[in-house]
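Quick notes on the structure that follows.
Note that the coordinates shown come from a computational prediction; the quantities given were computed from them, not determined experimentally.
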Amino acid sequence: MTMSKSYPILLLVVFLGLFGWVYQNENHRLQSEQQQELEHFKTYLDKYTQWSGNGAELYQSMTADYGFLFFQFVDDTDGLRNFTEGSLTFKDPNAFAGLFSLDLNHTQKVGTGRLQVKLSASDAIEDAIETTQEWAMMLAITYLILIILFTLLFARFKAGIRYTAEYIKHIPDFSFSAIQSSKLSGDMSPIVDALEDCRFNLKTQLDKLNLENETLQKAAFQDPITGFGSRPPFSHKLESISNKAIPQFGLLATIKATELAHVNQLQGRSAGDDYLLNVSTCIRKACTKYADAECFRLSSADFAVFIPDVLLRDATDFLEQLKQNLDEYQKLTQLESIAHIGLTPYRQGMEPASLLMVGDTAVSIAQTLGPNNYHILEEVDGNEHFGDDNWKVAIHDIVDRNALKFYQQPIQPCRHDVEAYRELLARFYNSDGKFLPTTTVIAMAERHGLSTELDKLVVLSAIRLIKDNPSIKGNFGINISAFSAHQEPFVAWLGDILDRQKYIASRLVFEINESGMQANLGASYKFVREIHSVGSRVSIERFGMSFTSFKFFSEVRPDYIKLDGSYTSAIDEDSNNKFFVRMMVDVARRLNIRVIATSVERQEEKLTLEKLLIDGLQGFYIAQPQPITNTDQI
């Protein structure tokens, strides 16, 4: 029940209670007075105890002092002396007289007869009724005044509530108008304070959310490392190009930072971020002359640049400038190349998928042309080898020409009883003698099923290097794919080659990626057993990235494990990595397996790893990859 209904009812109950109290009090007063009057009448009758007259005379005598509603005298011996006046059932004409019921009957022996009377209290009852009516009127008027006041006050209160409700209802509309205090004065002033606080806090929170939203939008649409646009705005740009109603033309340059995976693996992700930042700087410098150029980072290693209103014949200036910037950056690094560029023209109404395919094809061709090279492709001609198909031709060419050179990166032993080795890093080059991105060559070989041919080239080249250069001492690690290690024909071929050259076989350590070996533990075990049977050893690189790594210990039993570089990065500050490395060292040592840490870039990391009793260290802080010569000795 609402307050507007409950309060009048409660007030009515209170006033009815007050009226009842007034009535009870007045009734009690009347009863008390009339009882006294009756007692006084009884005393008054004492002077008539010797009465000898008749009833009429007695009535006349008494009515001078009292009024009677009923009077009856019955003589004991003479009926003629009897007298009766009035009625015991007399009804008072006043309708409210019934509220005051009085028992004023009395019967007594008087002289020679019996007297029965009922005293009249009409005047007293009239006074009581009048008093009660006065109180009732006063209470009714008071009740009405209070109800009117309540109605007026509650109407103002309801107006304040309606105003408050209307104000709160518009808060979701972000309507933060000032509170009209005059509509919420008095007892409702706390609501004013609460709404003001709410308005201020909501506005503050909304401003904060808007700022965070702007930050998130910036993060979503801007690459945090390079400052270029991210994938969503790039997709929006492609959609605008596909719109036939918007006249436009220009050039799309696709840039692939081909060495990112190599830098991340050998130098850590921090160096990888620096590498990407430098690539973006090279792109920005090349775009200086093109005020409307838009740059995007599409994925980890892929960039795109839209240069509007430039014809294909004018593209060479941009490409040469970008290549020059990349070449200058390469001179400051030890990398084989920095990035490769594919360029294709665009015009209104082009399908995004077709445009991206041509751009990707152009980049793939550029990668086969040498470091930091570019290729312009207007459209794909089905009569030529482009993209991935071009890579297939390039890899066959590498194998046919034995187009491979080795770099070396030594592993520093941490104890005298640890026999270390140096890793041979294969570098492939094209017919012009320009190095191709190693990670891309390997990835394309796997895609076209040429991994085994490439691995055979690496193995034969390593054996030839050791055989033709007897002055080069020590052991060497060479990388082969897990795919080849799981192929029985390749394992049989490798076993046969090594069995015929035991001395060289004993100096070789075959390095294979852990994730590939985990894919088929049975085939991995057979490979390791075959390699051990001819005197060579096995090293598992990028170890620790799988949840089944410890099972790998007992089932495959490699000779070395090379921890993934993520465990080395800032290990001096990471207690979790320290615990994990120490645990792996303990388990490996019980199985006579050597543990090598990779991607060591700082002295603090080196010292921490040595305290963890690691067996060997490899990374740019220990030694950078260098071309191998016949004078190198370990």
Side-chain angles (χ1 to χ4, degrees), residues 391-408 421-429 436 438-439 441-470 472 474-542 552 555-562 628:
W391 269 111
K392 187 175 182 179
V393 173
I395 293 170
H396 276 302
D397 179 64
I398 290 171
V399 174
D400 293 340
R401 293 186 298 105
N402 295 325
L404 176 150
K405 291 182 181 179
F406 282 118
Y407 279 60
Q408 62 169 343
Y421 63 92
R422 44 186 160 172
E423 183 179 355
L424 292 179
L425 304 171
R427 297 294 182 261
F428 307 98
Y429 55 90
L436 302 176
T438 304
T439 53
V441 172
I442 294 173
M444 291 299 174
E446 290 180 354
R447 180 178 297 183
H448 293 290
L450 298 174
S451 294
T452 301
E453 284 74 7
L454 207 60
D455 288 335
K456 286 182 179 181
L457 173 63
V458 171
V459 172
L460 292 174
S461 298
I463 292 174
R464 189 181 307 113
L465 173 69
I466 298 172
K467 187 176 182 180
D468 295 344
N469 298 278
I472 299 179
N475 299 332
F476 296 91
I478 58 176
N479 291 273
I480 63 173
S481 67
F483 175 81
S484 296
H486 292 163
Q487 304 302 310
E488 291 187 6
F490 175 82
V491 176
W493 172 86
L494 182 60
D496 182 61
I497 290 292
L498 297 176
D499 189 52
R500 287 188 274 117
Q501 303 184 67
K502 292 283 190 180
Y503 170 71
I504 294 178
S506 65
R507 297 174 61 185
L508 294 178
V509 179
F510 291 91
E511 295 194 0
I512 309 176
N513 189 285
E514 181 203 19
S515 60
M517 295 291 277
Q518 293 276 5
N520 190 336
L521 290 179
S524 297
Y525 171 73
K526 291 179 181 179
F527 171 78
V528 173
R529 184 177 60 182
E530 181 66 25
I531 294 301
H532 284 169
S533 70
V534 295
S536 296
R537 281 162 288 184
V538 177
S539 177
I540 306 301
E541 64 174 354
R542 303 204 69 182
F552 193 84
E555 294 192 7
V556 177
R557 294 294 182 93
D559 302 282
Y560 301 90
I561 57 172
K562 298 177 74 173
I628 190 168

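- Panel note: side chain D559, backbone V538; a donor-acceptor pair is recorded below 3.5 Å.
- The distance from the CG atom of L465 to the CD1 atom of I504 is 9.5 Å, given to the nearest 0.5 Å.
- Each of V459, V458, I540 was compared with F510 under the side chain to side chain contact (heavy atoms under 4.5 Å, CB included) criterion, and only V459 meets it.
- S539 places no side-chain N or O within 3.5 Å of a backbone atom of V509 that could act as its donor or acceptor partner.
- Here E514 does not pair with K562 in a salt bridge; the nearest charged N to carboxylate O distance is not below 4.0 Å.
- Taking 4.5 Å as the limit, some side-chain heavy atom of K467 sits within range of a side-chain heavy atom of Q501.
- Judged by a 6.0 Å distance limit and a 45° cone about the ring axis, K405 is positioned over the six-membered ring of Y429.
- Between I398 and L436, some side-chain heavy-atom pair lies under the 4.5 Å cut-off.
- Counting heavy-atom neighbours within 6.0 Å of K456 NZ, excluding the residue itself, gives a total above 12.
- Nearest heavy-atom pair across L498 and I531 is CD1-CD1, 4.2 Å.
- Judged by distance alone, with hydrogens and angles left aside, the side-chain atoms of N475 form no donor-acceptor pair with the main-chain N or O of L508 at under 3.5 Å.
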| Should E446 and I442 be marked as a side-chain contact (heavy atoms from CB on, under 4.5 Å) after you check the CA-CA gap, both sets of side-chain angles, and the distance that decides it? | CA-CA 6 Å; E446 290 180 354; I442 294 173; 4.1 Å; yes
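- To the nearest 0.5 Å, atoms CD1 (I463) and CZ (R507) are separated by 11.5 Å.
- Within 6.0 Å of NZ on K502 lie more than 12 heavy atoms contributed by other residues, nucleotides or ligands.
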| said: I'd like to know whether T452 forms a side-chain contact (heavy atoms from CB on, under 4.5 Å) with F483, so could you lay out the CA-CA distance, the side-chain angles of the two residues, the decisive distance to 0.1 Å, and finally the verdict. | reply: CA-CA 8 Å; T452 301; F483 175 81; 3.9 Å; yes
| Does the side-chain contact (heavy atoms from CB on, under 4.5 Å) test come out yes or no for I395 and M444, once each step is laid out? | CA-CA 8 Å; I395 293 170; M444 291 299 174; 3.8 Å; yes
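- Rounding to the nearest 0.5 Å places NE2 of H486 at 7.0 Å from CD1 of I512.
- With values rounded to the nearest 0.5 angstrom, I480 atom CD1 is found 12.0 Å from N513 atom CG.
- Side chain of N469 to backbone of I472: no donor-acceptor contact under 3.5 angstrom is found.
- Judged by distance alone, the side chains of E511 and Y421 do bring a donor and an acceptor atom under 3.5 Å apart.
- How far CD of Q487 is from CZ of F527: 12.0 Å, rounded to the nearest 0.5 Å.
- Put simply, the side chain of S484 never gets that close to the backbone of D455: no donor and acceptor are under 3.5 Å apart.
- Checked by atom type and distance alone, the side chain of R537 pairs as donor or acceptor with a backbone atom of S506 at under 3.5 Å.
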| message | Could you walk me through whether F406 and F476 satisfy the ring pair (Phe, Tyr, Trp, His ring centres under 6.0 Å) test, starting with their C-alpha distance in whole Å, then the side-chain angles of each, then the deciding distance to 0.1 Å, before giving a yes or no? | response | CA-CA 11 Å; F406 282 118; F476 296 91; 8.8 Å; no
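- Rounding to the nearest 0.5 angstrom, the gap separating the OG atom in S481 from the CE atom in M517 is 11.0 Å.
- Contact between E530 and V491 at its shortest, heavy atoms only, is CG-CG1, 3.6 Å.
- In terms of heavy-atom proximity, L404 sits nearest to S461 at CD2-CB, 3.8 Å.
- Heavy-atom minimum distance, H532 versus S536: CD2-O, 3.5 Å.
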